[in-house]
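Here's the structure we're looking at; comments come further down.
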Amino acid sequence: MKKLLAAVLAPGLATLMISAASAAPITPHFNDYPGYSPTQDDLDAAASAWFNTNYGITFDHMYMYTDSRDTFDGLGISNGWVSENYLPNTTGYVFFTDTTNFVGLDWFTILNETVTFSVFNSANTLLDSFTVSTPGSGSNTLNGTGISYLTLNATGGFAAISTLSYDYDGVTDGVNNDTTQVPEPSTLLLLGSGLTGLGLASWRKWTNRA
């Protein structure tokens, strides 16, 4: 009886367990980085390696900042290297080791410039973007299937992200599985059929004994 139960339930339960292991939104805490300078600091290779291990993201052409003009929490990341502050048309990159289907941003700007936030897939196809043209701050979400990286471009050289959020499953293995999964109808049907068959088998067994 136990062997029959295991044989019937195993395929369905295994699939259900896999489906439950889905990604969840994560928000990096930038000041967790042990090498962070209290003012401005380039997000170099060492920083990328640390953030990749802990949060599944890496950077190129970006720096961390502490700035009282950031009305969210005063801390975040911006485009370019520190030495390139306010260099026109500077682009920074945030790469997601595992893809995500959304990127949430709390952003702010301080110049009369055009700032564009964009997300792309691994084929460098633009999936979503938004543009800001006056000083200010706000919160936006960029969406797309299989987002691989985010870019920040500013015509005046300054674009900042105070808070970043995205899907992450906690394992930086390069597998693009950071999407919410639900049990497929076929899986539920398999599990239901197995339970029904098990019930009928038990009923016949007790009927034959009577």
Side-chain angles (χ1 to χ4, degrees), residues 23-30 33 40-45 47-48 51-52 54-65 67 69-73 75-169 172 174-180:
I26 187 173
T27 299
H29 301 288
F30 297 119
Y33 175 51
Q40 296 178 337
D41 200 12
D42 285 337
L43 287 161
D44 56 13
S48 280
F51 278 99
N52 182 52
N54 291 276
Y55 292 111
I57 52 176
T58 59
F59 308 95
D60 184 33
H61 224 214
M62 299 282 292
Y63 71 91
M64 292 176 59
Y65 67 81
D67 194 325
R69 292 169 295 187
D70 175 350
T71 57
F72 294 100
D73 63 3
L75 176 70
I77 57 177
S78 186
N79 59 316
W81 304 124
V82 173
S83 61
E84 297 174 328
N85 275 353
Y86 303 108
L87 184 66
N89 294 310
T90 304
T91 301
Y93 299 82
V94 180
F95 296 94
F96 303 97
T97 306
D98 298 341
T99 57
T100 176
N101 289 339
F102 84 97
V103 177
L105 305 172
D106 291 334
W107 55 267
F108 87 100
T109 63
I110 58 175
L111 302 175
N112 283 306
E113 60 175 338
T114 299
V115 178
T116 304
F117 300 87
S118 306
V119 289
F120 299 81
N121 62 18
S122 59
N124 301 316
T125 301
L126 175 65
L127 300 177
D128 198 5
S129 67
F130 69 92
T131 299
V132 181
S133 57
T134 57
S137 61
S139 300
N140 291 70
T141 299
L142 296 166
N143 298 287
T145 301
I147 296 171
S148 184
Y149 64 96
L150 161 74
T151 64
L152 299 68
N153 178 270
T155 58
F158 184 82
I161 295 175
S162 180
T163 307
L164 177 69
S165 60
Y166 50 94
D167 268 340
Y168 179 51
D169 64 358
T172 53
V175 179
N176 298 335
N177 58 358
D178 295 339
T179 56
T180 301

Evaluation steps, side chain to side chain contact (heavy atoms under 4.5 Å, CB included), between Thr100 and Tyr168:
CA-CA 7 Å; Thr100 176; Tyr168 179 51; over 6 Å; no
Is the shortest heavy-atom distance from the side chain of [X] to the side chain of [Y] under 4.5 Å?
| X | Y | result |
| --- | --- | --- |
| Ile147 | Thr99 | no |
| Leu150 | Ile161 | yes |
| Leu164 | Ile57 | yes |
| Val115 | Trp107 | no |
| Tyr166 | Pro28 | yes |

Which word best sums up how the rings of Trp81 and His61 line up, parallel for under 30°, tilted for 30 to 60°, or perpendicular for over 60°?
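Aromatic pair Trp81/His61 classed perpendicular.
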Quick one: side-chain hydrogen bond (donor to acceptor under 3.5 Å, both in side chains) pairs with a partner in residues 108-118, sequence neighbours left out?
Thr116-Thr131
My understanding is that only residues two or more places apart in sequence, or in another chain, count here; which of them pass side-chain hydrogen bond (donor to acceptor under 3.5 Å, both in side chains) with [X]?
| X | answer |
| --- | --- |
| Asp60 | none |
| Thr91 | Asn153 |
| Thr90 | none |
| Ser139 | Asp106 |

Say whether, by atom type as modelled, one donor and one acceptor occur between the side chain of [X] and the main chain of [Y] under 3.5 angstrom.
| X | Y | answer |
| --- | --- | --- |
| Asn121 | Ala123 | yes |
| Asn140 | Leu105 | no |
| Thr151 | Tyr93 | no |

For [X], check ring-ring contact (aromatic ring centres under 6.0 Å, His included) against everything at least two apart and list the hits.
| X | value |
| --- | --- |
| Phe72 | none |
| Tyr65 | Phe108 |
| Tyr149 | Phe95, Phe120 |
| His29 | none |

Return the set of residues passing side-chain contact (heavy atoms from CB on, under 4.5 Å) with [X] (not counting sequence neighbours), or none when no residue passes.
| X | result |
| --- | --- |
| Leu75 | Phe30, Asn31, Tyr36, Thr66, Asp73 |
| Thr71 | Ser137 |
| Pro25 | Phe102, Asp167 |

Do you see a donor-acceptor pair shorter than 3.5 Å between the side chains of Tyr33 and Asn54?
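Absent: no donor and acceptor within the cut-off.
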